[in-house]
2 protein chains.
Amino acid sequence: MVAVQDDTKTRLIEAAGVIFADKGFDAAGVREICQEAKANVAAVKYYFGDKRKLYKAVLQHVHACKDNLALQMAEEQLKTQPPLIQLKFYILEMVREHLASQKPAWHLEIMLWEMTRQTAEGREVIELQLRPMATLLKNIIRRLVGDEVSEETVWKSGFSIVGQVLFYHVHQAIARQLAGDAIYEELTVDQIAEHIYQFSIAGLAAVAKRPLAHESAAS
Amino acid sequence: MVAVQDDTKTRLIEAAGVIFADKGFDAAGVREICQEAKANVAAVKYYFGDKRKLYKAVLQHVHACKDNLALQMAEEQLKTQPPLIQLKFYILEMVREHLASQKPAWHLEIMLWEMTRQTAEGREVIELQLRPMATLLKNIIRRLVGDEVSEETVWKSGFSIVGQVLFYHVHQAIARQLAGDAIYEELTVDQIAEHIYQFSIAGLAAVAKRPLAHESAAS
DNA sequence: CGAATTTTCAAACAAGTGTTTGACACGCTC
DNA sequence: GAGCGTGTCAAACACTTGTTTGAAAATTCG
């Protein structure tokens, strides 16, 4: 961890991030945030103006911290690797991000709040964060299923893949409760990603009504 | 709509249901609920004790209203129809419930709150509501993939199917925003269900590493 | 009817909310 | 040291929160 600054301002953003992520905007208290940040309550007015603008700053901070899986893939792999490998990598990285993220967990948690219950402040950040991921996935799928498949079906297929991944994060509590801790603990990130990959390439071939492009490259 | 009683008590439960579903327990206000129910603020203490117990009553009301897809399927179809037809029906009914439910939308919305951010009051209701659905789906999958497949894989396959369905509900706003209203409006409940079905039976066959049971019965 | 019980209501409660104030301390340059 | 701008702080602001009170109103029942 490289020397990160210890301003009252950044401490506020970070403490606010944790608490907003945990309880949502409404249920989070300014006093609670300031106590966690070791700052006076008046500090949020001084640095941000009010609670909403603090929330906005938190969202912008999250956006600024995003490590671009999209760009990373585009540069390293998009041009060289066959689409099946790209899909496998995409799924693995997404599962990793959602189940074993190395950056603070609250970054994703706040994004999830925005994804399910959008606020005016978050819409733009959501767009900037998700749009590149969506088009990247759409391109991969398009290469796999060919040009005869409708745009609509490509979207639905993307939803099928993303929906599988998000389930393990968003509904983790339910999955645990239903499957039982014993079984759930056995699941590793790689296993989950592999399952979703195998499940999805078969699903894609089915909705494409033909074998996938470069099928021979599958594992 | 058959003669539903118009007690202050039931009006409170129903108004509370709507508002709890919309904003969650913390952000919902007692005064707002009572105004919507045309009741005095003191009524919640008189009939329920306090806000938490009102919430508990709402959850129990939701549970009491559940129409048992599980039982319905068990009686009418489980014994007579091949598992592929059962799966198709299961997916269709689940998509219907989540995207075009005939019962008040807030029933499901409250369940979703409990699924993502469990409260002490909700855990039991969640269990009672979801457990039968989960075992039903698990049984269908087991019949389709055979006995060689591990229990773990059956769970993961179930998660894959349920994850696809839930995505269209939980992340509807994002899906709309990304795909665009134009494309999104085109999607009908039956199309979505059909897509998930086709995608999933191919996925199941892939993870089972063999053709599904009674594959000939597929559409 | 008239007494007993159940239900409703406006008003107030203490505690919590986001926000604001004005004073105070620090580091800086002139 | 005086002056100035930047940060910090306890205290108070106006308002909302969930909860409570005690007295009316409505209902039930002998």
Side-chain angles (χ1 to χ4, degrees), chain A residues 3-62 106 110 113-114 117-122, chain B residues 3-62 106 110 113-114 117-122:
Chain A
V4 81
Q5 43 191 347
D6 194 38
D7 307 333
T8 301
K9 190 171 178 180
T10 61
R11 256 183 334 198
L12 268 176
I13 288 185
E14 234 134 292
V18 175
I19 295 176
F20 281 141
D22 186 40
K23 328 170 96 171
F25 178 82
D26 288 315
V30 173
R31 280 172 176 80
E32 185 185 2
I33 291 173
C34 290
Q35 182 179 346
E36 191 70 19
K38 295 183 221 311
N40 190 276
V41 268
V44 27
K45 176 190 165 73
Y46 183 77
Y47 284 107
F48 304 97
D50 60 6
K51 187 184 173 187
R52 283 220 93 83
K53 286 174 191 149
L54 168 58
Y55 184 67
K56 200 170 180 176
V58 169
L59 286 177
Q60 284 164 352
H61 174 76
V62 169
W106 62 265
I110 286 210
W113 271 102
E114 283 297 330
R117 322 197 86 78
Q118 295 199 350
T119 68
E121 291 82 6
Chain B
V4 80
Q5 43 191 347
D6 194 37
D7 306 334
T8 301
K9 191 172 178 180
T10 62
R11 255 178 317 152
L12 268 175
I13 288 186
E14 233 134 293
V18 175
I19 295 176
F20 280 141
D22 185 41
K23 328 169 94 170
F25 178 81
D26 287 316
V30 173
R31 279 173 176 79
E32 185 184 4
I33 292 173
C34 290
Q35 182 180 347
E36 191 69 19
K38 295 180 220 315
N40 191 276
V41 268
V44 26
K45 176 192 166 73
Y46 181 77
Y47 284 107
F48 303 98
D50 60 6
K51 187 184 173 187
R52 284 219 93 82
K53 286 174 192 149
L54 168 58
Y55 184 67
K56 199 170 181 177
V58 169
L59 286 178
Q60 284 163 353
H61 174 77
V62 169
W106 61 266
I110 285 209
W113 270 101
E114 283 296 330
R117 322 196 87 78
Q118 295 199 349
T119 69
E121 291 81 7

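Convention: sequence-line order gives letters A, B, ...; per-chain numbering from 1.
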Could you list by number each residue of residues 39-51 of chain A showing a heavy-atom separation from DNA chain C of less than 4.0 Å, or answer none if no residue does? A42(A), K45(A), D50(A), K51(A)
So, with a heavy-atom separation below 4.0 Å from DNA chain C, the residues of residues 24-36 of chain A are A28(A), G29(A), V30(A), R31(A)
Under the 6.0 Å and 45° cation-pi test, does R117(B) pair with F25(B)? no
Smallest separation among heavy atoms of V44(A) and V41(A), with atom names: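 Closest approach of V44(A) to V41(A): CG1-O, 2.8 Å.
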Kindly give the heavy-atom pair with the smallest separation between T8(A) and A39(A), and that separation in Å. CG2-CB, 3.7 Å
Which is the 5'-most and which the 3'-most nucleotide of DNA chain D that has an atom under 4.0 Å from a heavy atom of chain B?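 Here the contact window of chain B covers dT17(D) to dT21(D).
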Given pairs defined as Watson-Crick or G-U wobble with both distances under 3.5 Å, what dot-bracket annotation applies to DNA chain C, with ( ) intrastrand, [ ] crossing, | other strand and . unpaired? |||||||||||||||||||||||||.|.||
In Å, rounded to the nearest 0.5 Å, how long is the span from CD of Q60(B) to CD1 of I13(B)?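 Answer for the CD-CD1 pair, Q60(B) versus I13(B), is 8.5 Å.
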Atom CZ of R11(B) and atom C1' of dT7(C) are separated, to the nearest Å, by 11 Å
Test side-chain contact (heavy atoms from CB on, under 4.5 Å) on K53(B) and E121(B); report intermediate values, then the result. CA-CA 9 Å; K53(B) 286 174 192 149; E121(B) 291 81 7; over 6 Å; no
Can any side-chain N or O of K9(A) pair as donor or acceptor with the backbone N or O of A43(A) at less than 3.5 Å?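 No.
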Any donor-acceptor pair under 3.5 Å linking the side chain of W106(A) with the backbone of I19(A)? no
Does the side chain of L59(A) come within less than 4.5 Å of I110(A)'s, by heavy atoms? yes
Pair I33(B), L12(B) - check side-chain contact (heavy atoms from CB on, under 4.5 Å), show working. CA-CA 7 Å; I33(B) 292 173; L12(B) 268 175; 4.1 Å; yes
State which residues pass side chain to side chain contact (heavy atoms under 4.5 Å, CB included) with N40(B); sequence neighbours excluded, sorted by chain then number.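 Side chain to side chain contact (heavy atoms under 4.5 Å, CB included) check on N40(B) returns A42(B).
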Could you check Y47(B) against L54(B) for side-chain contact (heavy atoms from CB on, under 4.5 Å), going step by step and ending with a plain yes or no? CA-CA 8 Å; Y47(B) 284 107; L54(B) 168 58; over 6 Å; no
Contact list for residues 23-39 of chain A, test salt bridge (Lys or Arg N to Asp or Glu O under 4.0 Å), sequence neighbours left out: K23(A)-E32(A)
Phosphate OP1/OP2 of dT8(C) contacted by T8(B) side-chain N/O (<4.0 Å):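 For T8(B), the contact criterion (side-chain N or O under 4.0 Å from OP1 or OP2 of dT8(C)) is met.
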From CA spacing to verdict: side-chain contact (heavy atoms from CB on, under 4.5 Å), W113(A), T119(A): CA-CA 9 Å; W113(A) 271 102; T119(A) 68; over 6 Å; no
